[in-house]
Amino acid sequence: MTKVLFEHRGKADIETFDGWKAAGGFSALEKALKMTPEEVIEEVKSSGLRGRGGAGFPTGVKWGFVPKGGEKPVYLCINADESEPGTCKDRVLMEELPFMCLEGALIAAYAIQAKMAFWYIRGEFDLSERRMRQAVEVLREKGLIGKNVLGSGWDIDFGVHRGAGAYVCGEETGLISSVEGKQGQPKLKPPFPALEGAFGCPTIVNNVESLAAVPWIVNHGGSKYSALGTEKSKGTKLFSVSGAVNKPGVYEVEMGYPMADLINKECGGALNGIGLKAIIPGGSSVPVMPADVAMKTNLDYESVQEAGSLLGSGGVIVIDENQSMPELLDILGRFYAHESCGQCTPCREGTGWGARILHRVHEGRGEQQDLETLDRIARFMSGTTICFLASSMSMPIQSFFKHFKHEFEALMPTIDAVAGD
Amino acid sequence: MSQDDHIQAANADDSPVTEKTLRLSPEREAYIDDLQKRYPTKLATLLPVLWAIQEQTGWVSKEWMEYAAQRCECPASHVLGVVTFYTMYHQKPAGKYHVQVCRNISCHLRGAPGIIEAVEKKLGLEHKCVSADGKFSLEHVECLAGCSWAPVMQINRTLHEELTPEQAVRILDELE
Ligand SMILES: Cc1cc2nc3c(=O)[nH]c(=O)nc-3n(C[C@H](O)[C@H](O)[C@H](O)COP(=O)(O)O)c2cc1C
Ligand code: SF4
Ligand code: FES
């Protein structure tokens, strides 16, 4: 199977400048700087690459939204906030292949003619942050970051910007607020960041994995990339598998790869041979799937959607049959309530009350109407808010109920118990 | 040492505590100066300034918030809003070892409850508490992006992966 992101993973010193250079690194940057920015955008468009941060928006198309020749400076934000439960792929890229990530970001910055790029990295990350800081400093010394990069006449500066613990800063407009030195509150769209983002200027926010694929695409050509994967989901994707498998880890497979193979071949099957109950295929925010349905699904955007969920960030969470679904949903509810930034009433109140009710249901202290109330909250806060955090709690509630309602019902006190008889 | 003594101890190296005399170390001041030259606005350097303060003093006191406000040319109320919005800025001194145990879904599936129980018992601490001697503080945290190596625990900036309760206790035992 063709590897795009992990082609050079594990090679000696690949995390250093010299190691990356020896593996052919920076040839894509040199090539891109000899092309016009428009040609680079076209190449990435033709690859069919879609954003790997969760939303799956075509990367080249997004870059094309930045106004050409405008007066205002353009900014690139690299989203390395990686906080979606179940997701730990960007960290591997930054720790093991920092110069590949940075080369991709430089090409993106050139394509949109950015003046400055912010590497927004979650505050808890240690090695990732050190690696990216080092990589930026090395490229500054080598003249690949700075004025007139490789004689192209284009100037670029980079800031490695450390977050401070807030899931909502992974949302692109929340991230922009945070870069601006504010509370990480998301902003209403439109205006879209590509027109009016950081500091009121055109801004592109891209996930680390999206950008990490760019050097390969520029080196081999967009058509080579789009030949991988399925008709509509091109290329390869990283999946971070966690939970009840024998070899959890981060794996690169072509889009359309069968979930059953990922679990059984890459991950060595179910942990200790215990039966599987459910799989969440794309990070904690996407709908849960019964294991038997998930195991018949292929890993591309369309197949997963047809089967009732979303590919999201590619965080595959595997749940064995001994787990209590109400307990897991209680954990997720608490998480979203904790992370709501509180700007939108449906989200602030919905996640807050939703979490409290989920908790008492899980503890067997549910009240008569609780399951209906949860259902209503989930419907009410979906699509009525500034960002998708509220929906990110609705989708788990609705899907856990759809497939595992009986587990919740079994925890409800019986009428007799409530009456005290 | 009581909690109050500990606060004083944490303040000791930057006394006298008045707005005017607060200074970061020369390297940190130079780092912020450099950022303020390159960043589009002074305000944009607020998160880095707060990090520099916390790295130097262990937490972000009211006095240092005033300093940050002056440094970034914004109201102190804005700084307070930012400090309280993000979970990683400490508004009171954390322990010398800040122990963060992940309680989210992937870690839960691989035994996080057992890790939390063992760590709480070992330290005699609950969520968001600091030990009387100031050596340890404990926090249950959300996903640390170590899900494929669950369960995980982070001490200061070091992540410990694939833990068993026994290993977690041993790691704590080995801390000076
Ligand atoms: C609540 C929330 C949290 C998010 N967290 C992240 C994150 O940690 N990392 C990320 O890359 N995208 C995250 N996203 C998606 C971003 O908003 C955005 O779509 C993405 O960074 C765009 O980059 P891409 O097009 O390269 O995927 C999040 C979205 C929401 C609504
Ligand atoms: S949906 Fe929730 S997290 Fe998003 S902006 Fe509104 S309140 Fe904040
Ligand atoms: S759930 Fe614990 S690190 Fe992700």
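Residue numbers begin at 1 in each chain, while the letters A, B, ... track the order of the sequences.
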Next item on the list: Identify the heavy atoms of B:Val82 and A:Gln183 that sit nearest to each other, and give their distance.
Entry: CG2-N, 3.8 Å

Flag the pair [X] / [Y] as yes when at least one side-chain heavy-atom distance between them is below 4.5 Å, and no otherwise.
X        : Y        : answer
B:Trp149 : A:Val250 : yes
B:Pro40  : A:Phe118 : yes
B:Phe85  : A:Lys182 : no
B:Leu159 : A:Asp126 : no

Can you tell me if [X] uses its side chain to pair, donor with acceptor, with the backbone of [Y] under 3.5 Å?
X        : Y        : value
A:Arg162 : B:Trp51  : no
B:Tyr86  : A:Gly184 : yes
B:Arg38  : A:Phe158 : yes
B:Ser106 : A:Gly243 : no

Notebook entry, point to check: Based on non-hydrogen pairs under 4.5 Å, which of B:Val79, B:Thr158, B:Leu144, B:Thr45 is most in contact with chain A?
Noted result: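 Top option by heavy-atom pairs under 4.5 Å: B:Leu144.
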
Note to self: With chain A as the partner, which of B:Leu46, B:Leu43, B:Val83, B:Leu50 has the greatest number of non-hydrogen pairs under 4.5 Å?
What the structure shows: B:Leu43

Starting at [atom1] of [X], measure out to [atom2] of [Y] and round the result to the nearest 0.5 Å.
X        : Y        : atom1 : atom2 : value
A:Cys169 : B:Leu47  : SG    : CG    : 8.0 Å
A:Glu84  : B:Cys147 : CD    : SG    : 9.5 Å
A:His161 : B:Leu35  : NE2   : CG    : 9.0 Å
A:Asp157 : B:Lys37  : CG    : NZ    : 11.5 Å

Next item on the list: Could you look at B:Arg157 and say if it's the side chain, the backbone, both or neither that has a heavy atom under 4.5 Å from chain A?
Entry: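 For B:Arg157, the contact with chain A is made by backbone and side chain together.
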
Could you tell me which portion of [X] (side chain, backbone, both or neither) has an atom closer than 4.5 angstrom to a non-hydrogen atom of chain B?
X        : value
A:Ser240 : both
A:Tyr167 : neither
A:Gln323 : side chain
A:Val316 : neither
A:Phe335 : both

Next item on the list: Report, by ascending residue number, the residues of residues 275-285 of chain A in heavy-atom contact with chain B at a distance under 4.5 Å; give 'none' if the set is empty.
Entry: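 Those residues of residues 275-285 of chain A which have a heavy atom under 4.5 Å from chain B are A:Ile280.
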
Next item on the list: For atom NZ of A:Lys187, decide whether the heavy atoms of other residues, nucleotides or ligands shown that lie under 6.0 angstrom number more than 12.
Entry: yes

Margin query: Taking side-chain hydrogen bond (donor to acceptor under 3.5 Å, both in side chains) as the definition, give me every residue that meets it alongside A:Ser83, ordered by chain and number, with sequence neighbours left out.
Written below: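 Residues passing side-chain hydrogen bond (donor to acceptor under 3.5 Å, both in side chains) with A:Ser83: A:Asp81.
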
